[in-house]
S.K.: 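Mind looking over this structure? Questions follow.
Each residue takes its place number in the sequence, starting with 1.
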Amino acid sequence: MNSRKAAAVIAVPLLGALSLTACTGPGTTEEAGGPVSIDQDWSQAEPLTIDVFDGLANYMGTQSGWFGKVVKDKFNLELNVIAPNVAGGGDTLYNTRVAGGDLGDLVVVDKGEKLDELVEGGLVLDASPYVDSMTNLAPFDAALDHLNEGKDGVYGFPTAVSSISPTESSEGLEPTFGPYLRWDLYAEAGYPEIGTLEDLLPVLADMQEAHPEADNGQKAYAVSLFKDWDGNMMVMGKQPTTLYGYDEIGFVLAKADGSDYQSIVDPDSEYVRALRFYHEANQLGLVDPESTTQNYDTMFSKYQNGQVLLSWWPWLGQSAYNTDENMADGKGFELVPMADQQIFSYGAEVYGGKQVLAIGAGAEDPARLAAFIDWLYSPEGVTMNGSQTGASAGPQDLTWEVGENGEPALTEFGEQVFLGGGADVPAEWGGGAYTDGVSTLNVQTVLPKDVDPSTGFPYNYTFWPSYQDKVANPLTEDWSERMGGAASTMEYLQANDQLLVAPGSSFTAPADTSEIETIRSQVKASIVEHSWKMVFAKDDAEFDALLASMKETAEGLGYQTVLDFDMANAEAQNDAREAVANEFG
């Protein structure tokens, strides 16, 4: 179904002036049913604070700083962000609010199961009346139609939409995952060869022994963990599996090329291998003892302080520590050459990514929310809204500008923000630290690698020639020299056939049945609990006993039923990847 055509079917002549469509009940719009223009100066609307339930947000409270001011100035909106990641307790907050019949005015949730149940339960609005007027969204109508296919209306808006081939990596100069070490300390250790995951341990031990304390005088550890994002498994246990081309789908680890599927509780699985890696690291004194109690923010600050030596994500280690000052001193995180790695990479999503935006059924002013969502797809919205870790360039004329040569480049302020460790925003932009004002939505509507039509260059500023010229420094020069002259991590991985791209099919698993949901809830809690205990087991015997207990307990709770369900989804996901690769690749 074409969403815009669908709206036109029920259309009366397009209203020249705004026709505010009040919500009359869950999932319905006012009886008029026709197109509603969102084209007006929303800055003159009455002030409105909206609840934003955001499954990706790592901040809870009112959006402040420069992004908050931009949204306030343009739409007279204040965003009250409700973040289950911060609240903790897994899906408890989500379930509580769903049970109460009001998830939020604007919601960011996973498509598939969650979106389907919100539509079925009448908790999100049919936004069909506004779609004709959402001009910034128009280039991505194929993704919009695909997302809402089979639904009697437009309930979700896609994220991370792209015009890039689905068989190409969606990522920037750095992959999403990888073995990133403090390169300066790795160099000091003599650039030891690393064959496999396990070979990292003696390297990390040498690095930690040589530098037991960070510059702030605090103890440094090779590994630091956190629990905030645990789900079907321990989230930090999943990360090393990506080095070998696997990603999770429920209780299954599925290889990007469809060549292998693993049950996570199988003693030979990559997940158990990762848990054993952490266990052995802990036996060597390499794991931060605060790992069981700290949250992501606390862990991130340790990376900023140089208290952690290994990062599975560039957007953690590099983002926190690779400041201009540190890199000028040759210090920072870089990917190390692990001989057997074949790193999982997400292909560009023709039909959009995992999360969706939706308007809550009880939203007071859905037309204004539609206008806000549409703005998020505009070049201005894309550059301003993306998270800092997604290489979002921020506001034009503040952090970046188009030079006389017609190319985008960071301003002096932008260089201080992105390379210099941060800066305070001028008063006219709202003041405060730039990082405190970054969008807390933590969701990107358009893939950062896509081309910004207003400049002709990718949104992701790390692709800009001006940026790449700017960031040459002792750290990157040493890394490039040791990595065969590669200009970027992605170039190195592709040249060495160490990147495994899963075609971007936008596949979403069907919703759990009530039986599956009940079993999964019990089983995953047990798996996560056992996993943490295994990492901190006193010896190998206790680790093995806990592994056996995890498997036995999971099976006793009905694990096989859920595994069969997830395995079928994993195979269907691969079918979808093959189909989209054949059609668009």
Side-chain angles (χ1 to χ4, degrees), residues 1-2 110-116 140-151 156 158-172 175-178 232-233 238-239 241-264 266 269-271 340-356 446-447 449-450 490 493-512 516 562-585:
M1 178 185 70
N2 182 293
D110 292 351
K111 63 184 177 184
E113 178 180 351
K114 283 192 173 174
L115 178 61
D116 290 348
F140 307 106
D141 272 356
L144 182 71
D145 290 343
H146 189 270
L147 173 63
N148 291 283
E149 191 172 43
K151 297 180 176 63
T159 63
V161 289
S162 176
S163 56
I164 299 172
S165 168
T167 56
E168 291 185 26
S169 172
S170 64
E171 294 146 357
T176 302
F177 312 103
N232 286 300
M233 64 193 86
K238 171 265 179 86
Q239 306 316 313
T241 74
T242 64
L243 306 187
Y244 294 100
Y246 291 89
D247 195 16
E248 65 178 297
I249 178 164
F251 293 145
V252 173
L253 290 175
K255 203 160 187 178
D257 60 2
S259 62
D260 190 30
Y261 305 95
Q262 298 180 351
S263 160
I264 59 174
D266 188 318
S269 72
E270 290 292 331
Y271 178 67
D340 68 345
Q341 67 190 2
Q342 199 171 30
I343 295 173
F344 184 98
S345 175
Y346 297 105
E349 300 278 10
V350 176
Y351 298 134
K354 182 178 181 182
Q355 283 78 32
V356 300
V446 180
L447 190 70
K449 195 176 181 181
D450 265 42
M490 198 58 85
L493 293 174
Q494 290 170 334
N496 290 274
D497 195 25
Q498 291 190 333
L499 193 73
L500 197 60
V501 178
S505 69
S506 299
F507 173 84
T508 54
D512 286 354
I516 295 290
V562 183
L563 181 65
D564 291 343
F565 178 81
D566 291 340
M567 197 66 77
N569 289 335
E571 292 172 354
Q573 174 181 252
N574 191 62
D575 291 343
R577 286 172 175 170
E578 290 180 348
V580 77
N582 290 333
E583 183 174 358
F584 298 100

S.K.: With rounding to the nearest 0.5 Å, note down the distance linking CD in Q341 to CG in D497.
M.R.: 11.5 Å
S.K.: Nearest 0.5 Å, please: how far is CD1 in I249 from CD in Q573?
M.R.: 4.0 Å
S.K.: If you compare all heavy atoms of A570 against all heavy atoms of A254, which two are closest, and at what distance to 0.1 Å?
M.R.: CB-CB, 4.3 Å
S.K.: Between OH of Y261 and CE of M567, what distance do you get to the nearest 0.5 Å?
M.R.: 9.0 Å
S.K.: Using the test side-chain contact (heavy atoms from CB on, under 4.5 Å), find all partners of S263 that sit at least two apart in sequence or belong to another chain.
M.R.: V265, D266, Y559, L563
S.K.: Keeping the roles fixed (side chain from D247, backbone from T242), state whether a donor-acceptor pair exists under 3.5 Å.
M.R.: no
S.K.: Under the 3.5 angstrom rule, does the side chain of D566 hit a backbone N or O of V252 as a donor-acceptor pair?
M.R.: no
S.K.: In chain order, what residues pass the side-chain contact (heavy atoms from CB on, under 4.5 Å) check against Y246, with sequence neighbours excluded?
M.R.: T241, Y244, L253, K255, D260, Q262, E270
S.K.: What's the spacing between D110 CG and K354 NZ if we round to 0.5 Å?
M.R.: 4.5 Å
S.K.: Is the backbone of Y346 close enough, under 3.5 Å, to the side chain of E171 for a donor and an acceptor to pair up by distance?
M.R.: yes
S.K.: Using distance only, find each side-chain donor-acceptor pair of residues 574-585 under 3.5 Å and give its atom names and separation, not counting sequence neighbours.
M.R.:
residue, atom, partner, partner atom, Å
N574, ND2, E578, OE2, 3.2
N582, ND2, E578, O, 3.1

S.K.: Check whether any side-chain N or O of E349 sits under 3.5 Å from a backbone N or O of S506 as a donor-acceptor pair, and report yes or no.
M.R.: yes
S.K.: Return the minimal non-hydrogen interatomic distance between L499 and M490, and the atom names on each side.
M.R.: CD2-SD, 3.4 Å
S.K.: Measure the CG-CG distance between L115 and L147 for me, rounded to the nearest 0.5 Å.
M.R.: 6.0 Å
S.K.: About how many Å separate CG of L500 and CG of L493, when rounded to the nearest 0.5 Å?
M.R.: 11.5 Å
S.K.: Determine the minimum heavy-atom distance between G352 and V161, stating which atoms define it.
M.R.: CA-CG1, 3.9 Å
S.K.: With D116, which residues qualify under salt bridge (Lys or Arg N to Asp or Glu O under 4.0 Å), at least two apart?
M.R.: K151
S.K.: Under the rule for side-chain contact (heavy atoms from CB on, under 4.5 Å), what residues qualify as partners of N496, not counting sequence neighbours?
M.R.: Y492, Q498
S.K.: Which heavy atom of T159 sits nearest to which heavy atom of Q355, and what is that distance?
M.R.: OG1-O, 2.7 Å
S.K.: What are the two closest non-hydrogen atoms of S162 and D450, and how far apart are they?
M.R.: OG-OD1, 2.7 Å
S.K.: Taking only residues two or more places apart in sequence or in another chain, which ones pass salt bridge (Lys or Arg N to Asp or Glu O under 4.0 Å) with K111?
M.R.: none
S.K.: Would you name the heavy atoms of L447 and A348 that are closest together and state the gap between them?
M.R.: CD2-CB, 4.2 Å
S.K.: Heavy-atom count around K114 NZ within 6.0 Å, excluding the residue itself: above 12?
M.R.: yes
S.K.: Heavy-atom distance under 4.5 Å between the side chains of T176 and S345, does that happen here?
M.R.: no
S.K.: Any sub-3.5 Å donor-acceptor pair from K238's side-chain atoms to N232's backbone N or O?
M.R.: no
S.K.: When you compare the side chain of F565 with that of P510, does any pair of heavy atoms fall below 4.5 Å?
M.R.: yes
